[in-house]
S.K.: 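Below is one structure. I have some questions about it.
Throughout, residue positions are numbered sequentially from 1 according to the sequence presented.
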Amino acid sequence: MRDVAGADRSFPGYLNSAMGVLAIGGFFVAVGGVTTLIANYRVASTAEIAGYALAVVIGVAAIAAAGGMNAGHAWGWLIGTIVSGLVIASGVAALISPSTGFGAVVWTLAGILLIAALLAPASRAMLRPPPPRPDPADAD
């Protein structure tokens with residue numbers, strides 16, 4: 001089995017955890033959006049259907065971000081950061097709403113922890129290209 005991230009690339013533990021949370025959370029958000037969309041498409045308003053579809057898009061984006069980061073692509077880090085920002089924004093919107101519950105608090109804290117893990121200096125190191133390899137012809 002080949003090493004997807006490359007032999008010379010290792011990630012900090014918190015970044016591995018963030019990739020796992022993005023992938024697993026994205027899966028459940030996407031599946032939840034699809035099942036809700038299927039169950040309510042006849043009785044839901046256009047705005048509700050758009051919200052369900054947005055949940056599917058965000059879930060798929062989170063899964064893609066986790067895969068991109070694991071492969072060492074900077075776009076994975078960027079999409080993961082955007083998705084984490086959207087998680088925080090939706091959590092704050094849920095906290096402001098009159099039906100605030102414990103789930104909104106946990107959702108917001110998860111987004112804050114994700115963005116903190118992604119914005120740590122070691123996590124941002126994946127944006128920098130690897131140093132150039134020395135040319136064997138210059139070794140003479």
Side-chain angles (χ1 to χ4, degrees):
M1 186 166 122
R2 69 183 185 93
D3 187 14
V4 175
D8 60 343
R9 183 178 296 272
S10 62
F11 300 116
Y14 59 86
L15 186 57
N16 283 329
S17 298
M19 286 187 276
V21 168
L22 276 171
I24 294 169
F27 171 77
F28 284 113
V29 167
V31 168
V34 168
T35 56
T36 308
L37 187 61
I38 290 171
N40 298 328
Y41 77 96
R42 290 187 182 183
V43 295
S45 67
T46 304
E48 289 172 333
I49 290 174
Y52 304 147
L54 182 63
V56 173
V57 169
I58 290 174
V60 170
I63 295 168
M69 283 192 291
N70 188 38
H73 297 294
W75 58 262
W77 179 88
L78 180 64
I79 293 174
T81 305
I82 291 169
V83 167
S84 300
L86 290 172
V87 167
I88 292 173
S90 66
V92 169
L95 288 173
I96 293 172
S97 73
S99 62
T100 299
F102 183 67
V105 173
V106 171
W107 184 256
T108 307
L109 288 176
I112 291 170
L113 291 174
L114 270 175
I115 201 106
L118 292 174
L119 292 180
S123 300
R124 289 182 290 156
M126 67 181 355
L127 292 176
R128 292 189 284 274
R133 294 183 178 175
D135 189 12
D138 292 338
D140 296 333

S.K.: With hydrophobic residues grouped by side-chain heavy-atom distances under 4.5 Å, do Val56 and Leu54 end up in a single group?
M.R.: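 No, no single cluster joins them.
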S.K.: For Ser45, enumerate each residue passing the side-chain contact (heavy atoms from CB on, under 4.5 Å) test, keeping only those at least two apart in sequence or located in another chain.
M.R.: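 Result, side-chain contact (heavy atoms from CB on, under 4.5 Å) vs Ser45: Ala47, Glu48.
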S.K.: Starting from Val57, can I reach Val29 by hopping between I/L/V/M/F/W/Y residues whose side chains sit under 4.5 Å apart?
M.R.: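 No, it is not one cluster - the side chains of Val29 and Val57 are not joined through contacts under 4.5 Å.
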S.K.: Can you list, by chain and residue number, the hydrophobic cluster partners of Leu113 when the side-chain cut-off is 4.5 Å?
M.R.: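 Besides Leu113, the cluster holds no residue at all.
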S.K.: Could you work out the complete set of other residues in the hydrophobic cluster of Leu109, with links drawn between I, L, V, M, F, W and Y side chains under 4.5 Å apart?
M.R.: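 Besides Leu109, the cluster holds Leu95, Val105.
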S.K.: Tell me the closest heavy-atom pair linking Ala65 and Gly80, and the distance in Å.
M.R.: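 That would be CB-N, 3.4 Å.
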S.K.: For the hydrophobic clusters of this structure (ILVMFWY residues joined by side-chain heavy atoms under 4.5 Å, transitively), does one cluster hold both Val60 and Val87?
M.R.: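 No, separate clusters.
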S.K.: Leu37: which other cluster members, linking ILVMFWY side chains closer than 4.5 Å, directly or transitively?
M.R.: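 Via sub-4.5 Å side-chain contacts, Leu37 links to Ile49, Tyr52.
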S.K.: Test of understanding: with side-chain hydrogen bond (donor to acceptor under 3.5 Å, both in side chains), list the residues that count as partners of Ser90, not counting sequence neighbours.
M.R.: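 Counting only residues at least two positions away or on another chain, Ser90 forms a side-chain hydrogen bond (donor to acceptor under 3.5 Å, both in side chains) with Trp107.
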S.K.: How far apart are the closest heavy atoms of Val92 and Thr108, and which atoms are they?
M.R.: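 Looking at all heavy atoms of both residues, the closest pair is N-OG1, 3.9 Å.
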S.K.: Please write out which residues are connected to Phe102 in a hydrophobic cluster, directly or through intermediates, given that two of Ile, Leu, Val, Met, Phe, Trp, Tyr count as joined at side-chain heavy-atom separations below 4.5 angstrom.
M.R.: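 Its cluster mates, by chain and number, are Val106.
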S.K.: Mind jotting down which residue pairs meet the side chain to side chain donor-acceptor pair (under 3.5 Å) criterion with at least one end in residues 14-23? Sequence neighbours excluded, please.
M.R.: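 Sorted result for residues 14-23: empty, none.
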S.K.: If you take all heavy atoms of Met69 and Gly76, which pair is closest and at what distance?
M.R.: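 The answer is CG-C, 3.4 Å.
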S.K.: Mind listing the closest non-hydrogen atom pair of Ala104 and Ala94 along with its distance?
M.R.: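 Closest approach of Ala104 to Ala94: CB-CB, 3.7 Å.
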S.K.: Holding to side-chain contact (heavy atoms from CB on, under 4.5 Å), I want the full list of residues that pass it with Val31, two or more places apart in sequence or in another chain.
M.R.: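 Checked Val31 against side-chain contact (heavy atoms from CB on, under 4.5 Å); matches are Phe27, Thr35.
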S.K.: Hey, any chance Ile24 and Ile63 share a hydrophobic cluster, counting ILVMFWY side chains that come within less than 4.5 Å of each other, even indirectly?
M.R.: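 Same cluster: Ile24 reaches Ile63 through Ile, Leu, Val, Met, Phe, Trp or Tyr contacts under 4.5 Å.
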S.K.: Filter on side chain to side chain donor-acceptor pair (under 3.5 Å), then keep only pairs touching residues 54-63, sequence neighbours left out; what's left?
M.R.: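 Residue pairs passing side chain to side chain donor-acceptor pair (under 3.5 Å), neighbours aside: none found.
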S.K.: Taking all non-hydrogen atoms of both residues into account, name the closest pair between Gly85 and Ile115 and its distance.
M.R.: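 That closest heavy-atom pairing would be N-CD1, 4.0 Å.
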S.K.: Excluding sequence neighbours, so at least two apart, what forms side-chain contact (heavy atoms from CB on, under 4.5 Å) with Ala61?
M.R.: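 Testing Ala61 for side-chain contact (heavy atoms from CB on, under 4.5 Å), a comparison that skips the adjacent residues, returns Ile79, Val83.
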S.K.: What are the two closest heavy atoms between Leu118 and Thr81, and how far apart are they?
M.R.: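 Closest pair (atom of Leu118, atom of Thr81, distance): CD1-N, 3.6 Å.
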S.K.: Sequence neighbours excluded, which residues qualify as side-chain contact (heavy atoms from CB on, under 4.5 Å) partners of Leu86?
M.R.: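 Counting only residues at least two positions away or on another chain, Leu86 forms a side-chain contact (heavy atoms from CB on, under 4.5 Å) with Ile58, Ile82.
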S.K.: Could you see if Trp77 belongs to whatever hydrophobic cluster contains Val21? Use Ile, Leu, Val, Met, Phe, Trp, Tyr and a side-chain cutoff under 4.5 Å.
M.R.: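 The answer is yes; both residues are in one hydrophobic cluster.
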